[in-house]
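What follows is a set of notes on a single structure, which appears directly below.
These numbers come from a predicted model, not from an experiment.
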Amino acid sequence: MDNKKRFKTMIGKKAYTFIGTASDEHMRSVSKILNDELNSLKNQSENISDEDAAILIAFNAVSNQLDKQLELDQLKNKMKDEDL
């Protein structure tokens, strides 16, 4: 286990243990954002299931990741073009 550690947290009403190399501060931040998003979805649609809420949160996270990757790729290409 290369520098991996356990991080215990509550997501919604369920306890989870994650194993990874991120700092406790990072994991606490991720847990807080996830719980905030979960609570927001639950407030907007009280009848949404936990599974559907999780899928929506995951979908949004992957969408945001793709947007950020595209931005990064564009910046890299711009920097490369400016170096020529």
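In this structure, CG on Asn43 lies 11.5 Å from CD1 on Ile48, to the nearest 0.5 angstrom. Summarising the geometry, atom CD1 belonging to Ile11 is positioned 7.5 Å from atom OH belonging to Tyr16; distances are rounded to the nearest 0.5 Å.
The hydrophobic cluster containing Leu70, built from Ile/Leu/Val/Met/Phe/Trp/Tyr side-chain heavy atoms closer than 4.5 Å, comprises no other residue. Hydrophobic cluster membership for Val30: none, as no Ile, Leu, Val, Met, Phe, Trp or Tyr side chain comes under 4.5 Å of it. Counting side-chain heavy-atom gaps under 4.5 Å among Ile, Leu, Val, Met, Phe, Trp and Tyr, the cluster of Leu66 also holds Val62.
Every residue meeting the side chain to side chain donor-acceptor pair (under 3.5 Å) condition with Ser40, not counting sequence neighbours, appears here in chain and number order: Gln44. For Asp73, the side chain to side chain donor-acceptor pair (under 3.5 Å) partners two or more places apart in sequence, or in a different chain, are Gln69. Remark: Thr17 pairs with Arg6, Lys8 by the side-chain contact (heavy atoms from CB on, under 4.5 Å) rule, at least two apart or across chains.
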Under 3.5 Å, sequence neighbours excluded: what are the donor-acceptor pairs made by side chains of residues 51-61?
{"unit_1": "Asp52", "atom_1": "OD2", "unit_2": "Ser49", "atom_2": "OG", "d": "3.4"}
{"unit_1": "Asn60", "atom_1": "ND2", "unit_2": "Leu56", "atom_2": "O", "d": "3.3"}

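Two residues are said to be in side-chain contact when any heavy atoms from C-beta on lie closer than 4.5 Å; Leu41 and Glu37 fail this criterion. The shortest distance between side-chain heavy atoms of Ser31 and Phe7 falls below 4.5 Å.
Residues Phe18 and Ile33 do not share a hydrophobic cluster, defined by chaining ILVMFWY side chains whose heavy atoms lie under 4.5 Å apart.
Residue pairs that meet the salt bridge (Lys or Arg N to Asp or Glu O under 4.0 Å) test with at least one member in residues 38-47, sequence neighbours left out, are Lys42-Asp50. Contacts classified as salt bridge (Lys or Arg N to Asp or Glu O under 4.0 Å) and involving residues 16-29 (residues at least two apart or in different chains) are not found. The salt bridge (Lys or Arg N to Asp or Glu O under 4.0 Å) contacts involving residues 54-69 comprise Lys68-Glu71, where partners must be two or more places apart or lie in separate chains.
Checking side-chain atoms of Asn35 against main-chain N and O of Gly12 turns up a donor-acceptor pair under 3.5 Å.
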